[in-house]
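Here the structure is laid out as structure tokens; the discussion comes afterwards.
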Amino acid sequence: VLIGGNSGRDITQGDENVAVGYNAGRYIQQGDSNTLIGHNAGNAVLNSNNNTIVGANAGDAISSGANNSILGTAALSTATTALNTVFIGRSAGEDIAAGQALNGVVAIGWEAFKGSGSTTAGTSGADGTVAIGYQALTALTTGIANTAIGFEALKTEDTSDGNVAIGHQALATQNAVDNAGNTAVG
């Protein structure tokens, strides 16, 4: 089902795709089972499968990857490769740089795990990251297996691994490469 100017325009062999909105899924070539709703939603999806992308400019740069659920205006709008991820909320993952592969990342909330905004020093090695809450882990650029749950939890951390922050502003100002493995609740 294709509704909207240029939606699904380049499909050559894709099956079971739904694209609704101007440029939604415009460049799909062989992707299957994608649901793309909104202006530019999933615009660059080429050969990706099983993606649900809803919102203006949501997931509009993803060209490869599969099994992603992306919901919200500009959610995960710069990353090009994502596997098995969930991004929900306005600007969740918005500035994760192109060319950085993500796997198993969950970000829910306004600007949750927003990323660095730099295409040269973008987010990498962030697999297994969970950020839930307004601006949770918003500055992360590298660092695996971090968990931030709560308003501004781990907000300024950009490089360390294995931290757990649960609660309002838990570890909000932590930011150092050797601050790995910290846990804060409350």
Side-chain angles (χ1 to χ4, degrees), residues 20-24 35-45 51-62 65 67-98 100-119 121-161 163-175 182-186:
V20 178
Y22 183 78
N23 282 340
T35 302
L36 314 167
I37 301 172
H39 178 83
N40 286 330
N43 182 35
V45 171
N51 294 296
T52 301
I53 302 174
V54 179
N57 301 312
D60 66 333
I62 293 177
N67 308 314
N68 297 296
S69 297
I70 303 166
L71 173 65
T73 299
L76 201 61
S77 63
T78 309
T80 55
T81 305
L83 298 164
N84 313 310
T85 67
V86 175
F87 282 84
I88 299 174
R90 172 72 165 97
S91 300
E94 177 181 27
D95 290 336
I96 295 172
Q100 306 302 324
L102 300 173
N103 192 354
V105 173
V106 175
I108 301 172
W110 191 76
E111 291 188 348
F113 187 29
K114 185 175 181 182
S116 71
S118 169
T119 56
T123 304
S124 62
D127 293 353
T129 293
V130 176
I132 301 173
Y134 174 87
Q135 293 187 338
L137 266 172
T138 198
L140 189 69
T141 58
T142 60
I144 61 170
N146 286 293
T147 301
I149 301 173
F151 177 87
E152 295 181 349
L154 275 168
K155 179 181 179 178
T156 61
E157 182 57 65
D158 61 356
T159 58
S160 66
D161 300 334
N163 293 291
V164 176
I166 300 173
H168 182 85
Q169 295 182 328
L171 295 176
T173 59
Q174 174 180 299
N175 185 2
N182 291 305
T183 300
V185 178

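Since the structure is predicted, the reported quantities are computational estimates derived from the model, not experimental observations. Side-chain atoms are counted along with the backbone in the values below, which use heavy atoms only and exclude waters and symmetry mates.
- A distance of 7.0 Å separates CG in Asp161 from OG1 in Thr142, rounded to the nearest 0.5 Å.
- Side chain of Asn175 to backbone of Thr156: a donor-acceptor contact under 3.5 angstrom is found.
- Put simply, CD1 on Ile132 and CD1 on Ile149 are 4.5 Å apart, with the number rounded to the nearest 0.5 Å.
- Without hydrogens or angle criteria, Glu111 side chain to Phe113 main chain gives no donor-acceptor distance under 3.5 Å.
- Considering CD1 of Ile70 and OG1 of Thr85, their distance stands at 5.0 Å, rounded to 0.5 Å.
- Under the salt bridge (Lys or Arg N to Asp or Glu O under 4.0 Å) criterion, Glu152 pairs with Lys155, not counting sequence neighbours.
- Under the rule for a side-chain hydrogen bond (donor to acceptor under 3.5 Å, both in side chains), the partners of Asn146 that lie at least two apart in sequence or sit in another chain are Asn163.
- Counting only residues at least two apart or in different chains, ring pair (Phe, Tyr, Trp, His ring centres under 6.0 Å) contacts with residues 136-158 comprise Tyr134-Phe151, Phe151-His168.
- Shortest non-hydrogen contact noted between Leu154 and Ala165 is CG-CB, 3.7 Å.
- You'll find the side chain of Gln174 reaches within 4.5 Å of the side chain of Asn182, heavy atoms only.
- In summary, of the residues considered (Leu71, Val54, Val106), a side-chain contact (heavy atoms from CB on, under 4.5 Å) with Ile88 occurs for Leu71 alone.
- Across all non-hydrogen atoms, the minimal contact from Gly55 to Ala41 is O-CB, 3.7 Å.
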Quiz item: Is there a side-chain contact (heavy atoms from CB on, under 4.5 Å) between Phe87 and Val105 once you walk through the steps?
Solution: CA-CA 8 Å; Phe87 282 84; Val105 173; 3.7 Å; yes

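- In summary, of the residues considered (Asn67, Asp127, Asn84), a side-chain hydrogen bond (donor to acceptor under 3.5 Å, both in side chains) with Asn103 occurs for Asn84 alone.
- Qualifying side chain to side chain contact (heavy atoms under 4.5 Å, CB included) partners for Asn57, counting only residues two or more places apart in sequence or in other chains: His39, Asn40, Asp60.
- In this structure Ser77 satisfies the side-chain hydrogen bond (donor to acceptor under 3.5 Å, both in side chains) test with no other residue, sequence neighbours excluded.
- For the residue pair Thr141 and Asp158, no side-chain donor N or O sits within less than 3.5 Å of a side-chain acceptor on the partner.
- For Ala148 against Ala136, the heavy-atom pair with the smallest separation is O-CB, 4.0 Å.
- The two residues Leu137 and Ala131 make their nearest non-hydrogen contact at CB-CB, 3.9 Å.
- Here the shortest heavy-atom pairing between Gly133 and Ala112 reads O-CB, 3.7 Å.
- With sequence neighbours left out, the side chain to side chain contact (heavy atoms under 4.5 Å, CB included) criterion links Ala79 to Leu76, Ile96.
- Of all the heavy atoms in Gly186 and Ala170, the pair that sits closest is O-CB, 4.0 Å.
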